[in-house]
Amino acid sequence: MRDPEDILDVTGLPRAPSGGGRTRRPFLSIWFKCCHAYGRLYRNAEATAYEGRCPRCGSAVRARIGPGGTSRRMFVAE
């Protein structure tokens, strides 16, 4: 059964050019339904959210970090 907290809405978020190197920051695993691909969301420098993009189409995804959150490490972006 799917948990609504496992779904991130990626519609309407801006796209940016890809680039940059790999980092060793904490990350979340994510399944991008838009392109049927797995990817990662890395924690930002302020430690307020995990952010990333679909590896195929570049759709942006952001998952906030805060009290009452979840300990899950895998999510689906719709």
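One-based numbering along the sequence shown.
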Worksheet, complete the sentence: Taken to the nearest 0.5 Å, the spacing of Glu51 CD from Arg62 CZ works out to 5.0 Å
Worksheet, complete the sentence: What one should report as the nearest heavy-atom pair of Ala63 and Leu41 is CB-CD1, 4.4 Å
Practice prompt. With rounding to the nearest 0.5 Å, note down the distance linking CG in Leu28 to OG1 in Thr70.
Written response: 9.5 Å
Worksheet item: Who pairs with Arg56 by side-chain hydrogen bond (donor to acceptor under 3.5 Å, both in side chains), at least two apart in sequence or on another chain?
Response: none
Practice prompt. Check for a donor-acceptor pair, side chain of Arg73 on one end and backbone N or O of Phe27 on the other, with a separation under 3.5 Å.
Written response: yes
Worksheet item: Roughly how far, to the nearest 0.5 Å, is CD1 of Ile30 from CZ of Arg40?
Response: 13.0 Å
Worksheet item: For the atom pair OH (Tyr38) and SG (Cys54), what is the distance rounded to the nearest 0.5 Å?
Response: 13.0 Å
Worksheet entry | Point-to-point distance, once rounded to the nearest 0.5 Å, from CE of Met74 to CH2 of Trp31 | 10.0 Å
Worksheet entry | Flag if over 12 foreign heavy atoms under 6.0 Å of CZ, Arg64 | no
Response to the item:
Distance col, row Tyr50:OH vs Phe75:CZ, nearest 0.5 angstrom, shows 9.0 Å
Worksheet item: Do Val61 and Phe32 touch side chain to side chain, with heavy atoms closer than 4.5 Å?
Response: yes
Worksheet, complete the sentence: Residues at least two apart in sequence or cross-chain that pass side-chain hydrogen bond (donor to acceptor under 3.5 Å, both in side chains) with Thr48, listed by chain then number, are Asn44
